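Worksheet: the structure to be examined is printed underneath.
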Amino acid sequence: MEWIEQELALLRERELYREIKPLYSAAQPHVQTADGEKLLFCSNNYLGLTTEEKVVNACQEAVRQYGTGTGGSRLLYGANALQGQLEQALAELKKQENALLFGTGYMANIGIISTMVGKEDLIISDELNHASIIDGCRLSKAKVVIYKHNDYKHLEQLLKENYKLYRRILVVTDGVFSMDGDLAPLPEIVKSCQRYGAMLMVDDAHGTGVLGPDGSGTVAEYSLSPEEVLLHMGTLSKALAAEGGFVATRNIVKEYLINKCRSFIFSTALPPAVVGAALQAVKLIKVEAWRRNRLRYLAIEVRAQIRKLGYDVPDGITPIIPIIIGSSAKTMQLARELFKRGIIAPGVRPPTVPDGSSRLRVTLMATHSDSDIEMLLQALYESGKQIGVI
Ligand code: PMP
């Protein structure tokens, strides 16, 4: 085990060592930790729905009716009516013919990508796409080319150069980028894909429930017609307050995935508890627009306030706020100082983000109060001054 010890020591030296720190309460603004009560600014529970009474009740009812586990894959009688209802609700949300559930968003990405393309095909992928997309690309055995982040002209050029050379082309992008909180330029990407006959997949893990007038996500945020994207991938684990991945798409694509997609076929169906919770969460995002509106207000306001303190923060409308520091050591120091002041906002380092772009990643929830935000700003001010990053 010496080699493992050496590798771990190296990670510690480089401030790249990771460890699991449990919470002793639900992931809401005020959390209990081993070091006492803290304010949580790193949860993807964007709308605060994980503790909402209606969601908890729906979860309990689902367990009572269907039990705690499904006991099989969807194709081997792990399927139940609740999953079908959730797929229908997700298809309606995304304005697609149908939807298909997966065990996690990660499994959705690796499964969908490796099923839609193979070794005779090409994938064109944004350089900052989520790790699960990268792994899906690798698994597919397709040729992969990367375009510069959000550079749709680069994408267009790659499509132009390659479209005659491959059987099929899949263009894949996050809708909202998970470490930067910015949006993919979908109108331009859609046009390029149409021009060169490429399939388009959008991973809207962070946009679903958060963006668009109805909460349906980044495609709606741009007022694009939902048919212009073939594969609307999402996760139930963020705004939808549960766990699991999905793709909303055409009937025929769902049929194909059911028959071919290994991460769907060879894995147990989602348990009733999470399906019941997510189904109720999808219903609530429609009727409780205040959550989405509050989140957007905070996203814009908090960005402006943090910038006023002297930090480098890009513009944006999403609850993911990157505070770019640069050095991993300073970033981790800042995160530690904040923690001492009662704030949990983690540092994000390579390999999660490119070298030299280490950052503090603050994420907001609709349930953060004004005084929670004031505490964050005060702690950012004091900590930043203390370690000399502002
Ligand atoms: N895509 C993106 C953009 C993500 O941020 C994440 C989760 N961090 C995933 C996919 C994976 O989703 P899940 O957590 O449901 O596996």
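Both counts, for ligands and for their atoms, begin at 1 and track the order of listing. None of the values given here were measured: they were computed from a predicted structure.
For the atom pair CD1 (I321) and CZ (R303), the distance works out to 4.5 Å, reported to the nearest 0.5 Å.
Within ligand 1, counting atoms from 1 as listed, the ones closer than 4.0 Å to a heavy atom of A205 are 1 (N), 2 (C), 3 (C), 4 (C).
In summary, E156 and K160 do not engage in a salt bridge, as defined by a charged side-chain N under 4.0 Å from a carboxylate O. For the pair K238 and D204, the salt-bridge criterion is not met [side-chain N within less than 4.0 Å of a carboxylate O].
With a heavy-atom cut-off of 4.0 Å, N109 touches ligand 1 through its side chain alone.
Relative ring orientation between F177 and H149 is described as perpendicular, the plane-to-plane angle rising above 60° on a 0-90° scale split at 30° and 60°.
Scanning all protein heavy atoms for the shortest distance to atom 14 (O) of ligand 1 gives S237 OG, 3.6 Å. For atom 1 (N) of ligand 1, the closest heavy atom belonging to the protein is D203 OD2, 2.6 Å. For atom 9 (C) of ligand 1, the closest non-hydrogen atom of the protein is H130 CE1, 3.5 Å. The nearest protein atom to atom 16 (O) of ligand 1, hydrogens excluded, is given as Y106 N, 2.9 Å; this is a heavy-atom distance. Residue, atom and distance of the protein heavy atom nearest to atom 13 (P) of ligand 1 are G105 N, 3.4 Å.
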Between I325 and Y311, does the side chain to side chain contact (heavy atoms under 4.5 Å, CB included) criterion hold? Intermediate values first, please. CA-CA 8 Å; I325 305 295; Y311 285 103; 4.2 Å; yes
Working for side chain to side chain contact (heavy atoms under 4.5 Å, CB included), residues K283 and V287: CA-CA 7 Å; K283 287 179 187 159; V287 293; 5.9 Å; no
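The shortest separation from a heavy atom of K238 to ligand 1 is under 4.0 Å, placing the residue in contact. Heavy atoms of G245 come nearer than 4.0 angstrom to ligand 1 in no pair at all.
Between I285 and the options L93, V210, D214, a side chain to side chain contact (heavy atoms under 4.5 Å, CB included) holds for only L93.
Close N/O approach between H206 and ligand 1 is found [any backbone or side-chain N/O within under 3.5 Å].
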